[in-house]
Amino acid sequence: MNQPIRVLFVCLGNICRSPMAESYFAWLVGQRGLSDRFSISSAATHSDALGNPPHRGTREKLSREGISLIPHRARLLTREDGERYDYILGMDEENARHMRRILGECSARVALLLDFTERPRAIADPWFTGNFDETFSDIREGCSAFLAYLEREGRL
């Protein structure tokens, strides 16, 4: 069997957007019978929330959508992740700057999640906006577009 496609979602604190993306993407590939084709995780670019569980707003939004939260404690992105993962997907330009600083030269494809959509843009941080619905909508769009990209590229 082929190696699983290793995907790491990254945001500022790893308690709102990236665990939401990790849980949603795991659900999405599960719905398509592709769970065994992926290894999915998430990480932070800053150490402020290390060790914390996902934000209550993330947990509540996923629950309302019928999506199981992947058991998770915030962890920091490491240089080694650049070799451990195939795709490292951030949520906004600030994440991207910190990702490049932390990762340096690496073999992973580093991008923003919404770069795979027809309307590339940042995913707003609900820690600041309080709008977990908008964040979820953007994550759903980005994850669906990323999966379609992998299909077009013949990775699935």
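The shown structure was predicted, so the numbers you read here are calculated from the model rather than taken from an experiment. Starting from 1, each residue takes its place in the sequence as its number.
Phe25 and Leu156 fall within a single hydrophobic cluster, where Ile, Leu, Val, Met, Phe, Trp and Tyr are joined by side-chain heavy atoms under 4.5 Å apart, directly or via other members. Val7 and Leu147 fall within a single hydrophobic cluster, where Ile, Leu, Val, Met, Phe, Trp and Tyr are joined by side-chain heavy atoms under 4.5 Å apart, directly or via other members. Note: the hydrophobic cluster containing Ile123 also contains Tyr24 (ILVMFWY, side chain heavy atoms under 4.5 Å, direct or indirect links). Following chains of ILVMFWY side-chain contacts shorter than 4.5 Å, one can reach Leu28 starting from Ile67, so the two form part of one hydrophobic cluster. In this structure, Leu89 is not a member of the same hydrophobic cluster as Val10, with clusters built from ILVMFWY side-chain heavy atoms closer than 4.5 Å.
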Worked check of side chain to side chain contact (heavy atoms under 4.5 Å, CB included) between Glu65 and Trp27: CA-CA 11 Å; Glu65 295 293 331; Trp27 176 85; over 6 Å; no
Full working for side chain to side chain contact (heavy atoms under 4.5 Å, CB included) between His55 and Phe132: CA-CA 10 Å; His55 188 283; Phe132 287 85; 3.3 Å; yes
Chi angles and distances behind the side chain to side chain contact (heavy atoms under 4.5 Å, CB included) call for Arg97, Thr45: CA-CA 9 Å; Arg97 282 192 305 278; Thr45 59; over 6 Å; no
Full working for side chain to side chain contact (heavy atoms under 4.5 Å, CB included) between Asp81 and Arg75: CA-CA 12 Å; Asp81 288 328; Arg75 76 162 184 94; 3.0 Å; yes
Could you pull out all donor-acceptor pairs under 3.5 Å where a side-chain atom in residues 112-121 meets a protein atom, sequence neighbours excluded?
from: Asp115; atom 1: OD2; to: Leu112; atom 2: N; distance (Å): 3.2
from: Thr117; atom 1: OG1; to: Leu114; atom 2: O; distance (Å): 2.7
from: Thr117; atom 1: OG1; to: Arg119; atom 2: N; distance (Å): 3.2
from: Thr117; atom 1: OG1; to: Arg119; atom 2: O; distance (Å): 3.3
from: Arg121; atom 1: NH1; to: Arg119; atom 2: O; distance (Å): 2.6
from: Arg121; atom 1: NH2; to: Asp138; atom 2: OD1; distance (Å): 3.0
from: Arg121; atom 1: NH2; to: Glu141; atom 2: OE1; distance (Å): 2.6

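Checked against Thr135 for a side-chain contact (heavy atoms from CB on, under 4.5 Å), the options Ile139, Asp133, Asn131 give a single hit: Ile139.
Put simply, the side chain of Met20 does not reach to within 4.5 Å of the side chain of Pro54, judged on heavy atoms. No side-chain heavy atom of Val29 sits less than 4.5 Å from a side-chain heavy atom of Arg37.
How far CZ of Arg6 is from OG of Ser39: 8.0 Å, rounded to the nearest 0.5 Å. Expressed to the nearest 0.5 Å, how far CG of Leu8 lies from OG of Ser41 amounts to 5.5 Å. In this structure, the separation between CG on Leu77 and OG on Ser47 is 12.5 Å, given to the nearest 0.5 Å.
By the side-chain contact (heavy atoms from CB on, under 4.5 Å) test, Arg79 is found to be paired with no residue, residues two or more places apart in sequence or in another chain being considered.
Applying the ring pair (Phe, Tyr, Trp, His ring centres under 6.0 Å) test to pairs two or more places apart or on separate chains, those with a residue in residues 72-112 are His46-His98, Tyr87-Phe146.
In this structure, Arg109 satisfies the cation-pi test against Tyr149, with its NZ or CZ atom closer than 6.0 Å to the six-membered ring centre and inside 45 degrees of the ring normal.
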